[in-house]
Colleague: 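I have a structure I would like to understand better, so I am pasting it below and will then ask my questions one at a time.
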Number of protein chains: 2
Amino acid sequence: MSPRTPKPSDDAALEGGRRRATINDIARIAGVSKKTVSRVINRSPSLRPETREKIEAVIARYGYAPDPQARGLAFRRSFLIGLIYDNPNPQYVVNMQLGLLDGMRGSGFELVVHPCDRGSTTLVPDIRAFIERQKLFGVVLTPSVSEDEGVAAMLREVGCEYVRVASVAVDEAAHSIITQDRHGGLLAGRHLAELGHRRVGFISGPLTFRSSHERRGGFEDGLAEHGVTLSPEHVAEGAYTFESGLEGAAKLLAMPDRPTAIFAGNDEMAAGVLHAARKAGLSVPEDLSVIGFDDFQIASRVWPPLSTVRAPTREIGRLAAEKLIGQAGDDKRDPADRLPSLVARDSTAAPKP
Amino acid sequence: MSPRTPKPSDDAALEGGRRRATINDIARIAGVSKKTVSRVINRSPSLRPETREKIEAVIARYGYAPDPQARGLAFRRSFLIGLIYDNPNPQYVVNMQLGLLDGMRGSGFELVVHPCDRGSTTLVPDIRAFIERQKLFGVVLTPSVSEDEGVAAMLREVGCEYVRVASVAVDEAAHSIITQDRHGGLLAGRHLAELGHRRVGFISGPLTFRSSHERRGGFEDGLAEHGVTLSPEHVAEGAYTFESGLEGAAKLLAMPDRPTAIFAGNDEMAAGVLHAARKAGLSVPEDLSVIGFDDFQIASRVWPPLSTVRAPTREIGRLAAEKLIGQAGDDKRDPADRLPSLVARDSTAAPKP
DNA sequence: GCCTCGATTGACACCGGTGTCCGCCAGGGT
DNA sequence: ACCCTGGCGGACACCGGTGTCAATCGAGGC
């Protein structure tokens with residue numbers, strides 16, 4: 001036994017699968033230099049086909065996979081992608097993660113999660129430290145951090161790839177995935193107007209979220225198609241939380257000319273609206289129609305099952321990952337997949353005459 | 001301009017913060033060898049205090065942080081921790097992630113997420129490839145993958161640190177975090193029995209989950225304290241899903257001697273029970289008491305707000321991370337934090353006489 | 001004052017890849 | 001036959017850390 005670690009070419013261990021192959025093993029066995037193996041890995045064009053095939057055969061035989069750490073060290077960049085989010089909704093976060101993983105599958109990248117607090121005074125330096133420490137290849141930002149220009153400026157400065165998921169184009173196309181919240185709002189407005197509602201209410205998300213404005217704007221567009229307008233008194237400012245939905249609805253329902261239908265900016269708030277209606281002695285949908293946004297699990301768990309607008313979060317995540325790692329390529333899927341769609345359940349109906 | 005990359009000691013860029021300090025910079029500036037700097041980073045005991053202080057001063061001055069990739073390359077191990085899960089509940093996943101991040105904060109580790117499918121025939125090789133590719137420092141497994149002995153055997157074989165979060169001790173203490181589901185079940189049983197219920201039902205999770213058995217066992221214990229027994233006919237096998245809760249409850253409620261209270265193995269199924277009750281024309285809690293398990297958001301969103309057993313998932317995650325990275329140290333917190341606790345809301349009441 | 005010994009510290013190789021630059025080679029022009 | 005050229009492949013340094021082992025140092029023992 002040598003006092004040092006295994007000998008430079010301990011082929012027995014390699015054959016037995018007890019040791020992972022390195023680029024040196026592959027080079028030695030294929031009878032080429034490690035640089036040439038590196039060329040195969042990196043798809044360098046200047047390689048004779050027979051050389052490439054010979055090396056690929058050895059790689060396949062030993063199940064060789066390059067070490068991301070060593071590669072990253074030489075590249076001065078890791079193969080990690082960060083998900084930076086401050087969205088408090090677990091279902092959103094998980095769906096986004098699943099979508100990102102869909103888009104990254106087989107790419108050799110891994111997903112590192114990094115929740116943050118947009119309100120923190122150290123937001124930018126914190127994220128920056130995270131990126132520089134891990135030399136992240138890129139990051140995906142979701143609302144509302146995705147709407148923060150300070151963060152975006154820092155990302156450009158440190159030269160980190162990034163994609164911002166947002167309601168509207170907040171950056172160049174190469175850095176944006178647009179969630180078309182406005183379209184979703186339109187579907188909600190159209191749905192209520194088509195049912196015959198003329199006096200409707202809206203509970204918005206926090207005004208610091210672009211989606212709040214987009215969903216409202218789209219909602220008004222959808223109503224306008226049928227000549228219905230949203231009265232400013234029938235708008236309550238919420239916070240995308242259950243409690244804020246409850247309070248907002250309590251306020252709207254206490255009005256003498258209370259709305260016959262309420263569009264809540266997300267399902268959580270819509271659940272709050274259902275509770276408020278129950279407390280006010282109103283039954284849904286007979287006395288009040290309610291529609292939410294997101295179509296998360298909660299929408300079908302409450303009573304009555306909630307009509308809502310489905311946001312294709314997972315699909316959005318997939319697109320974001322593909323854009324980030326540059327495989328956006330030929331997208332053959334139906335673009336409609338990326339658009340919100342209406343899910344009519346039992347919480348909406350025509351108003352009582 | 002040299003054709004090569006920046007000169008070995010471009011101090012101007014360093015001072016200006018345009019270049020991150022490396023161990024070489026610190027060594028040169030402190031007037032020691034890089035190995036000595038390495039000793040400071042790794043808290044080597046054989047270092048004269050004044051040497052250490054001198055180097056620490058330089059490190060602080062330049063905000064130096066060692067490169068995890070380079071360190072990992074030399075250590076043959078990354079500073080990444082994997083979360084391997086197949087739990088479909090988003091809230092569980094997110095809470096677990098948050099807990100893990102709590103426990104990892106400041107440790108220099110990062111969290112990489114890896115959902116998997118326990119039913120897949122390539123489960124073990126897939127996880128193995130993930131670990132070996134990234135040379136993960138360690139992984140945290142949650143139910144139900146945490147209960148898979150094939151996966152555990154592989155982890156021991158590859159020499160990856162791991163912690164299994166499970167209902168019962170499935171491994172040595174060093175590799176286990178026990179969630180005390182039995183205690184949670186006991187609280188549910190005791191609660192219903194104390195309210196006066198004598199004919200109770202239970203909807204279990206999948207029998208492949210240990211938690212299903214533990215929650216049931218504890219439930220029976222709690223009932224037994226008050227002389228109540230759980231009749232086998234009043235047990236339905238569910239799948240921890242809303243639909244399965246709906247179906248299980250429909251079955252139980254159709255019985256001539258239907259139970260006056262139902263304990264559902266988790267909140268999702270409890271939500272299903274509420275729907276089934278409504279369809280059967282029973283009101284909760286007057287005609288039927290319902291209690292769930294988890295205390296996820298959904299519990300307080302449904303109507304009536306659900307009595308349930310709170311599982312301290314985030315806290316469990318923190319403990320798992322601390323155990324994994326060996327900082328379990330002096331745990332001054334109240335151990336009761338790790339125990340499930342009863343949350344009585346409005347879905348349980350005394351049975352009608 | 002000289003020697004021994006444990007505590008410190010440093011020189012150098014190495015982890016597993018990539019960038020740079022140079023040499024070799026065959027083929028085409030003259 | 002000679003030179004030039006471009007394609008191909010290799011030698012070597014380097015990315016930023018750590019392991020090994022030897023050198024150095026100061027103090028205590030004689």
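Convention: sequence-line order gives letters A, B, ...; per-chain numbering from 1. Values in this document were obtained by computation on a predicted structure and should not be read as measured data.
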Colleague: Can you tell me the distance, in whole Å, between the CG atom of A/Asp25 and the P atom of C/dG16?
Modeller: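 A/Asp25 atom CG is separated from C/dG16 atom P by 8 Å.
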Colleague: Between the protein and nucleotides 5-9 of chain D, which nitrogen or oxygen pairs are less than 3.5 angstrom apart?
Modeller:
from, atom 1, to, atom 2, distance (Å)
D/dC8, O3', A/Arg48, NH2, 3.4
D/dG9, OP1, A/Arg48, NH2, 3.3
D/dG9, OP1, A/Thr51, OG1, 2.2
D/dG9, OP2, A/Arg48, N, 3.2

Colleague: Run the numbers on B/Arg118 and B/Asp86 for salt bridge (charged side-chain N to carboxylate O under 4.0 Å, His left out), then give the verdict.
Modeller: CA-CA 7 Å; B/Arg118 177 131 184 239; B/Asp86 66 334; 5.4 Å; no
Colleague: Please table the atom pairs, donor to acceptor, closer than 3.5 Å between any side-chain atom in residues 46-58 of chain B and protein atoms at least two apart or in another chain.
Modeller:
from, atom 1, to, atom 2, distance (Å)
B/Arg52, NH2, B/Ser44, O, 2.9

Colleague: Out of C/dT20, D/dG16, D/dT18, which has the shortest distance to the side chain of A/Lys35?
Modeller: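 Selected nucleotide: C/dT20.
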Colleague: Choosing from C/dC15, D/dG19, C/dG17, which nucleotide comes nearest the side chain of B/Arg76?
Modeller: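 Minimum distance to the B/Arg76 side chain belongs to C/dC15.
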Colleague: Figure out the CD1/C1' separation between A/Ile23 and C/dG16, and round it to whole Å.
Modeller: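 My rounded result for the distance is 7 Å.
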Colleague: Rounded to whole angstrom units, what separation is found between the CZ atom of B/Arg71 and the C1' atom of C/dG17?
Modeller: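 In whole Å, C/dG17 C1' and B/Arg71 CZ are 20 Å from each other.
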Colleague: Rounded to whole angstrom units, what separation is found between the NZ atom of A/Lys135 and the C1' atom of C/dG17?
Modeller: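 That distance rounds to 13 Å.
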Colleague: Return each pair, listed once, that meets ring pair (Phe, Tyr, Trp, His ring centres under 6.0 Å) where at least one residue sits in residues 122-143 of chain A; pairs must be two or more places apart or across chains.
Modeller: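 For residues 122-143 of chain A, and leaving out neighbouring residues, the ring pair (Phe, Tyr, Trp, His ring centres under 6.0 Å) pairs sorted by first residue read A/Phe109-A/Phe137, A/His114-A/Phe130.
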Colleague: Between the side chain of A/Ser78 and the main-chain N/O of A/Gln134, is any donor-acceptor distance below 3.5 Å?
Modeller: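 Pair found, side chain donor or acceptor close to backbone of A/Gln134.
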Colleague: Could you tell me the separation between the CD1 atom of B/Ile26 and the P atom of D/dT18, rounded to a whole number of Å?
Modeller: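 Distance, rounded to whole Å: 13 Å.
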Colleague: When you measure from the side chain of A/Tyr64, which nucleotide among C/dT18, C/dG17, D/dT18 comes out closest?
Modeller: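 Out of C/dT18, C/dG17, D/dT18, the nucleotide with an atom closest to A/Tyr64's side chain is C/dG17.
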Colleague: Atom CG of B/Leu73 and atom P of C/dA13: how far apart are they, to the nearest Å?
Modeller: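 So the two atoms are 18 Å apart, to the nearest Å.
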Colleague: Could you check how far CD1 of A/Ile59 sits from P of C/dG17, rounded to whole Å?
Modeller: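 Whole-Å distance recorded here is 10 Å.
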Colleague: May I ask you to verify whether the side chain of B/Lys34 and the base of D/dG17 hold a donor-acceptor pair under 3.5 Å?
Modeller: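 In this structure, the two groups form a donor-acceptor pair.
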Colleague: Side chain of B/Asp67, heavy atoms from C-beta onward: which of D/dC15, D/dG17, C/dG17 has the nearest atom to it?
Modeller: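 Nucleotide nearest to B/Asp67's side chain: D/dG17.
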Colleague: Under 4.0 Å between a side-chain nitrogen and a carboxylate oxygen: does that hold for B/Arg164 and B/Glu147?
Modeller: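 Salt bridge: no.
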Colleague: Taking C-beta and beyond as the side chain, do A/Leu123 and A/Val151 meet within less than 4.5 Å on heavy atoms?
Modeller: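 Heavy-atom side-chain distance check passes, below 4.5 Å.
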Colleague: Is a salt bridge present between A/Asp25 and A/Lys34, judged by a nitrogen-to-oxygen distance below 4.0 Å?
Modeller: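 Looking at A/Lys34 together with A/Asp25, the answer is no, because their closest N to O distance does not fall below 4.0 Å.
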Colleague: Could you check B/Phe75 against A/Gly31 and say which one's nearest nucleotide on DNA chain D is further toward the 5' end?
Modeller: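 In this pair, the answer is A/Gly31.
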Colleague: For B/Arg43 and D/dT18, give me the distance from atom CZ to atom C1', rounded to whole Å.
Modeller: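 For the pair B/Arg43 CZ and D/dT18 C1', the rounded distance is 16 Å.
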Colleague: Which part of the nucleic acid, if any, lies within reach of A/Asn24 when heavy atoms closer than 4.0 Å are counted: base, sugar-phosphate only, or nothing?
Modeller: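 No contact.
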